S.K.: 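If you scroll down you'll find the structure; I have some questions about it.
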Protein chains: 2
Amino acid sequence: MRVSASLLQHGKKMIDKYSLYVPTSGVFPKGYKVGSIASGVKKGNALDLGILVNTNKTRKSAAAAVFTTNKFKAAPVVTSKNVLDTTGGVDIDAIVVNSGCANSVTGELGMSDAKAMIDVVNGKLGKENSTLVMSTGVIGQRLQMDKISKGIKDIFEKDMFGNDFNAWLNIARSINTTDTFPKLVSKKFTIANGKEYTLVGMAKGAGMICPNMATLLGYFVTDLPIASSALQKMLRYATDRSFNCISVDGDMSTNDTICMIANGAVDTPEVNEHSPEYEQVQSQVTEFAQQLAQLVVRDGEGSTKFVTVNVENAFSFEDAKIIAESISNSMLVKTALYGQDANWGRILCAIGYAKLDNLKSLDTDKISLSFIATDNSEPKELKLIVNGVPQLNVDEERAAEILALNDLEVRVNLKTGSETAQFWTCDLSHEYVTINGDYRS
Amino acid sequence: MRVSASLLQHGKKMIDKYSLYVPTSGVFPKGYKVGSIASGVKKGNALDLGILVNTNKTRKSAAAAVFTTNKFKAAPVVTSKNVLDTTGGVDIDAIVVNSGCANSVTGELGMSDAKAMIDVVNGKLGKENSTLVMSTGVIGQRLQMDKISKGIKDIFEKDMFGNDFNAWLNIARSINTTDTFPKLVSKKFTIANGKEYTLVGMAKGAGMICPNMATLLGYFVTDLPIASSALQKMLRYATDRSFNCISVDGDMSTNDTICMIANGAVDTPEVNEHSPEYEQVQSQVTEFAQQLAQLVVRDGEGSTKFVTVNVENAFSFEDAKIIAESISNSMLVKTALYGQDANWGRILCAIGYAKLDNLKSLDTDKISLSFIATDNSEPKELKLIVNGVPQLNVDEERAAEILALNDLEVRVNLKTGSETAQFWTCDLSHEYVTINGDYRS
């Protein structure tokens, strides 16, 4: 799976993203099993179908999801949303995901296909309304339901499930499309009452490639018991600060879905919105989601740089985010980063045209802008603008050093309040144009 | 001036933009003279300073302008706006424009410099408050006022003014920065009462290059008498349908300015908002502005294609425009156009994430999408989606033919109302990344 695109040359540097970002071991929550298979939809016997099943019987699980806001919603998005609406997110025991075909813009027939995928899994579980579905891949084509149904049945009938590292890495692989590496994160946390719980999750996406259109899918599961309303609130909070804060090309797909299941296999009181642990768990889930979301940016099509855009001391969180997003999506900022050009004018410009909620958020006489090195080199901070004034005699040599890093930070201090937002973005390279322009040629 | 970037190779095709888009003659309105000079700010003895003067004495002129909405406004933008506010747009007799330095993010000193440019011209005209100023070029640097002042004085003292084709082509050249060709349009019109009038105008811009940051400048002048309030209304209308409907990279600069002067040298009653000719003139000015704005897109950095995005039958004009803009700015649509890929999924996606004012504007079951050939080949229209349904068996050969054209149209029929908006965009090529990424290396 170490495809050539994961080895990107920039200047004299080679980045082997696979070695850097794919784990070699993990920790996995209690009460889940996962299985994956090459159903035949993708060519070359590649894994393209995965099922996660909750095996915990001590209590009913809670599930939550955040879906694309694109007005063209793919059939699996509509179908999964219906399941959550019907069940209130209670007692969901499976997630089934296929890659290679997005089942998007497929009309009524596509809706039946998404429903059929769920029904096959529900049949195997012997339970109605207990499965969520996601699809990613080519748009405007029907699912090959014969292959998908057979694949699902095989996973169950041949018991291809497991809960070890390989099972999890393979299911993370099975949801990939143009990704150059599988994105799997797992972590143990401790909450205030001393109980340990585990989170594992995966994501896919590397720009909104089309025909492989559907970009961003992700799900994570935990063995902590969390009430479904609290889970939905927590997932929305985390997504707003992670998957909704990344930019590869600013395009949003019809299939974007992030979902989470908490099966409660750990023996501890259920966490709800009023629990003393709520905020702690929310911040742990958020940090976890950020780690996963950042992997998507690191796999950004053709990208050679991972850039954290930090907007500090804003009048409101919303405006901090709008400014961070405007910088992160600017083609001119992205190309300057690729060219390792300390081009603060483009950043300032992108701040200036951001469509703010409140004019109080931006005072052009207060703003400061710096590049921050993320390695241990000094000085860490290179000031470009201080209180609205461009710094004369910026140390161009130091600027070149910082911009040559694979990881760097752009820091904007608005000094109009106390809110902070972060975005993670990547550069725009020749390789991006090649991948997206020459896709079918 | 036929720089190499104007000869872009795409596949086997070479486009000589200079030959195609630069006129070899023109028609010019009465009562104006223009002069330009190489002040020494730009290297290599390139023209970088131009002055337009109204010489008509039969009535007072009217002037109007539309400025950038970027929160970081360059000093000339603030200064020109002040002049218009003070005078109500009445009796403005000159426009002075320099290129090579944008006088942007230059603080109080930059404001004095912009004011000084105006003062030198006013001094020569012997009249207060009669000049507008624009600047374009490097950001964050002071104007070299010694060179600029001397240049302005030379143009007046050596009487370097003219009203012939060469004088107009040279002043159009003098406002260029990274443009590969000067953008000059002139045209005669007739109004209902049988009177003829003339419009001439110029623009610059080819993407928001930085340090040559300030992109879009343009001005046009006419000999028709138009009341200043009517002129402002007309210019806003025209700009909203021309310069505000073009996309090269979606970035908006700190210096963007479009202005217009009507000196009334033609002997006919003044046109105001209530004149029977108002609508006719407004539509002629709009068409003229569109022609000029389209030249900016044709010179889009690294672009190989000029694409008209036509959104028809929308519930509101605003939403038609928001959808047209979303398609025009999508990096994925732009790269697909570059790659000549009939990738309707990306277009649909960009429509789906457009931030509409009113949800009534988009009905996913009514939308139709086609590519339209702009040459005389048949069939002109290639239907991709009809009433929300992707067309099976799209003629890929015909799609490839249409996408190989340098000019093509993307047509979206929303069928939710009767409003129409157009945007003009270009593709995103390797060359764009090279120009913007490797600018300083």
Side-chain angles (χ1 to χ4, degrees), chain A residues 68-73 104-107 139-140 207-211 213 249-254 329-333 335-346 348-354 356 359 362 364 385 388-390 427-430 432-441, chain B residues 68-73 104-107 139-140 207-211 213 249-254 329-333 335-346 348-354 356 359 362 364 385 388-390 427-430 432-441:
Chain A
T68 183
T69 57
N70 198 304
K71 272 120 205 150
F72 295 94
K73 290 185 206 319
S104 176
V105 200
T106 43
I139 193 176
M208 200 197 71
I209 283 268
C210 188
M213 181 187 204
D249 48 28
D251 279 71
M252 177 213 291
S253 98
T254 53
N329 282 339
S330 161
M331 278 168 60
L332 286 169
V333 171
T335 46
L337 289 167
Y338 174 61
Q340 307 189 359
D341 187 351
N343 213 322
W344 56 265
R346 293 187 184 175
L348 210 65
C349 235
I351 297 169
Y353 66 68
L356 301 176
L359 289 178
L362 179 60
T364 57
I385 296 174
V389 180
D427 55 347
L428 170 58
S429 68
H430 289 104
Y432 177 91
V433 177
T434 299
I435 295 172
N436 286 291
D438 304 345
Y439 190 71
R440 307 205 305 185
S441 58
Chain B
T68 183
T69 57
N70 197 303
K71 272 116 204 153
F72 295 95
K73 291 185 205 318
S104 176
V105 201
T106 43
I139 194 177
M208 201 197 70
I209 283 268
C210 188
M213 180 187 204
D249 48 28
D251 279 71
M252 178 214 290
S253 98
T254 53
N329 282 339
S330 161
M331 278 169 60
L332 286 169
V333 171
T335 46
L337 289 167
Y338 174 61
Q340 307 190 359
D341 187 351
N343 213 322
W344 55 265
R346 293 187 184 176
L348 210 64
C349 234
I351 297 169
Y353 65 69
L356 301 176
L359 289 178
L362 179 61
T364 57
I385 296 174
V389 180
D427 55 346
L428 171 59
S429 69
H430 288 104
Y432 176 90
V433 178
T434 300
I435 295 171
N436 286 292
D438 303 346
Y439 191 70
R440 310 203 306 182
S441 58

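By convention in this document, chain letters (A, B, ...) are assigned in the order of the sequence lines, proteins followed by strands, and residues within each chain are numbered from 1. Remember, it's a predicted structure, so these values are computed and weren't measured experimentally.
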S.K.: Show the nearest heavy-atom pair for residues B/V105 and A/G388, with the distance to one decimal.
M.R.: CG1-O, 4.1 Å
S.K.: Check each atom of A/L362 against the heavy atoms of chain B and say whether the ones under 4.5 Å are side chain, backbone, both or neither.
M.R.: side chain
S.K.: Which residues satisfy the side-chain hydrogen bond (donor to acceptor under 3.5 Å, both in side chains) test with A/S429, sequence neighbours excluded?
M.R.: none
S.K.: Work out which heavy atom in A/Y353 is nearest to a heavy atom in B/N70; give both atom names and the distance.
M.R.: N-ND2, 3.7 Å
S.K.: Hey, does A/L359 have a side-chain heavy atom less than 4.5 Å from the side chain of B/K71?
M.R.: yes
